[in-house]
Protein chains: 2
Amino acid sequence: MHLFYSTSVTNNQITLHDEEKNHCTKVLRKTIGDVVHIIDGRGNLYESRIEAINKHDCLCSVLSSTPQFGTHNYKLTMCVAPTKNSDRFEFFVEKAVEFGIDEIIPIRTDNSERKILKLDRIEKIILSAMKQSYKADKPVLHELTDFADVLNRPFAGTACIAHCYEGTKQKLSHILPHNSTVCIAIGPEGDFSEQEVSQALAKQWQAITLGESRLRTETAAIAAVHSVYSFFC
Amino acid sequence: MHLFYSTSVTNNQITLHDEEKNHCTKVLRKTIGDVVHIIDGRGNLYESRIEAINKHDCLCSVLSSTPQFGTHNYKLTMCVAPTKNSDRFEFFVEKAVEFGIDEIIPIRTDNSERKILKLDRIEKIILSAMKQSYKADKPVLHELTDFADVLNRPFAGTACIAHCYEGTKQKLSHILPHNSTVCIAIGPEGDFSEQEVSQALAKQWQAITLGESRLRTETAAIAAVHSVYSFFC
């Protein structure tokens, strides 16, 4: 099943625009009367029929809809420092979407080397991974945000920070049973600074360990998402 | 700490060859008398001193050695069908080494699209990931092997196959407590064939599920390695 994406859903009519329209009618050669499957990024899957093909869009009628398509039973926000090599961060994003994630906050930290992020490119990766893994709910991708600002925001769930300094740390498997709304922060190649860790702990963030191995940023981030996914699914 | 790699260890002398020698003496400009850290691929880390630099190699004396450097307390073999896009398989290999793995068997399956594999390139990725994640034990990389042949080999631990067909499946977390020697098979983009699954089950392989999400081959493989890693570490 190939999925298309559109946020233009009104009165049982869905419009595919631009790239989605081209992929549907030109690449896959779908035509009037054909049935296509469309996700809206808000959790719904629509079985739809192509009614009209115009130059820049394609109009479809809704035959049936499935709410909460591919949703998960936890709420996960990942705050991750983008890696120097952008492929690695993008790989994390793809894997996070495949497992299931709600919000991604790329963070700017004391030891961050990457200060700029191509959000458009990451949005495309999110969309492609949603289609691939059959999910209709689009995770929120935030702008690159100072970690200090993240710490100042109120958060309703359990917030955790993974770091490599000495100190008391818990395994995620001990934290997850208490709350299914979780936020996990993963630092850059050079780790969070000691000051950042202290500030997080002062804000009641929990220090966590991801095991004995020395993991790259994106590996630690994927490990954290997979821990949450495998605990709740 | 930068790690170098050499399998030439005799009588308390270690020789760095070719690329390792060049990286040590040319890129990092290490010279006679400098202390370097060398892994031997058999679990040992050596603190060593450079004694002589020749055109093609570099001789070091052993100051101290640490056995079982970066080892893990399980034995994991992953049988994974290489992905059409070789980056994806390579990413799995890198992540598997970072978490900790013992053997990688790339498998040729009924639905495999990739029939050739650049083992040299993958060996380099393994080595680089070992150095990055501080592990001295080199996982064994097998040649591309027919899955049918893998099924015919005796295996001392618990063998598992992940597939997407209907049927009784267990979570890895239910299987792992019984045995820390595990082999897990992950199929290609089009899954194992039903015949392959039947053959595996007939050989007492256990069917497993990796959760509700529809995961790509390399994502499923990373999820399986992380499950084992996080259970035992």
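In what follows, every chain begins at residue 1, and chains take the letters A, B, ... in the order their sequences are listed.
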Colleague: Out of curiosity, A/L210 CG to B/C233 SG, how far, rounded to the nearest 0.5 Å?
Modeller: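 One gets 11.5 Å once the value is rounded to the nearest 0.5 Å.
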Colleague: Is A/R214 salt-bridged to B/E98, cutoff N-O under 4.0 Å?
Modeller: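 The answer is no: the pair does not qualify as a salt bridge.
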Colleague: Using a 6.0 Å cut-off, check whether atom CD of B/E123 has over 12 heavy atoms from anything other than its own residue.
Modeller: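 Enclosed.
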Colleague: Under 6.0 Å from the NZ atom of A/K171, do we count more than 12 heavy atoms belonging to anything else shown?
Modeller: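 Yes, the 6.0 Å shell around NZ holds more than 12 heavy atoms from other groups.
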Colleague: Considering non-hydrogen atoms only, spot the tightest contact between B/H226 and A/S227 and give its length.
Modeller: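 Scanning both residues completely, I find the closest heavy atoms to be CE1-OG, 3.1 Å.
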Colleague: Charged N to carboxylate O below 4.0 Å: is that the case for B/E94 and A/R88?
Modeller: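 Salt bridge: yes.
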Colleague: With a cut-off of 6.0 Å (strictly less than), are more than 12 heavy atoms of other residues, nucleotides or ligands near CG of A/D120?
Modeller: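 Check fails, neighbour count at 12 or below.
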Colleague: With a 3.5 Å distance limit and no angle check, can you tell me whether B/Y229 reaches the backbone of A/A223 through a side-chain donor-acceptor pair?
Modeller: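 Such a contact is absent between B/Y229 side chain and A/A223 backbone.
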Colleague: Stepwise, does the side chain to side chain contact (heavy atoms under 4.5 Å, CB included) test hold for B/R216 with A/Q132?
Modeller: CA-CA 8 Å; B/R216 283 180 177 275; A/Q132 160 73 30; 3.5 Å; yes
Colleague: Verify, without hydrogens or angle tests, whether B/K95 (side chain) and A/E218 (backbone) share a donor-acceptor contact under 3.5 angstrom.
Modeller: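 A pair under 3.5 Å: no.
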Colleague: Which residues pass the side-chain hydrogen bond (donor to acceptor under 3.5 Å, both in side chains) test with B/S133, sequence neighbours left out?
Modeller: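 B/S133: no side-chain hydrogen bond (donor to acceptor under 3.5 Å, both in side chains) contacts found.
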Colleague: Mark yes when over 12 heavy atoms from residues, nucleotides or ligands other than B/E47 sit less than 6.0 Å from its CD; otherwise mark no.
Modeller: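 Result for CD/B/E47: enclosed.
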Colleague: Verify whether one side chain among A/K135 and B/S213 offers a donor that lies under 3.5 Å from an acceptor in the other.
Modeller: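 Short answer, yes.
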Colleague: Contact part of A/T219 toward chain B, heavy-atom cut-off under 4.5 Å: side chain, backbone, both or neither?
Modeller: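 Both parts, backbone and side chain.
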Colleague: Give a yes or no on whether A/E19 atom CD has more than 12 heavy-atom contacts from other residues, nucleotides or ligands under 6.0 Å away.
Modeller: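 Atom CD in A/E19 is not crowded, with 12 or fewer foreign heavy atoms closer than 6.0 Å.
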Colleague: To the nearest 0.5 Å, tell me how far B/F91 CZ sits from A/I222 CD1.
Modeller: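 The CD1 atom of A/I222 is 4.5 Å from CZ of B/F91, to the nearest 0.5 Å.
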Colleague: In chain order, what residues pass the side-chain hydrogen bond (donor to acceptor under 3.5 Å, both in side chains) check against B/H163, with sequence neighbours excluded?
Modeller: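 Testing B/H163 for side-chain hydrogen bond (donor to acceptor under 3.5 Å, both in side chains), a comparison that skips the adjacent residues, returns none.
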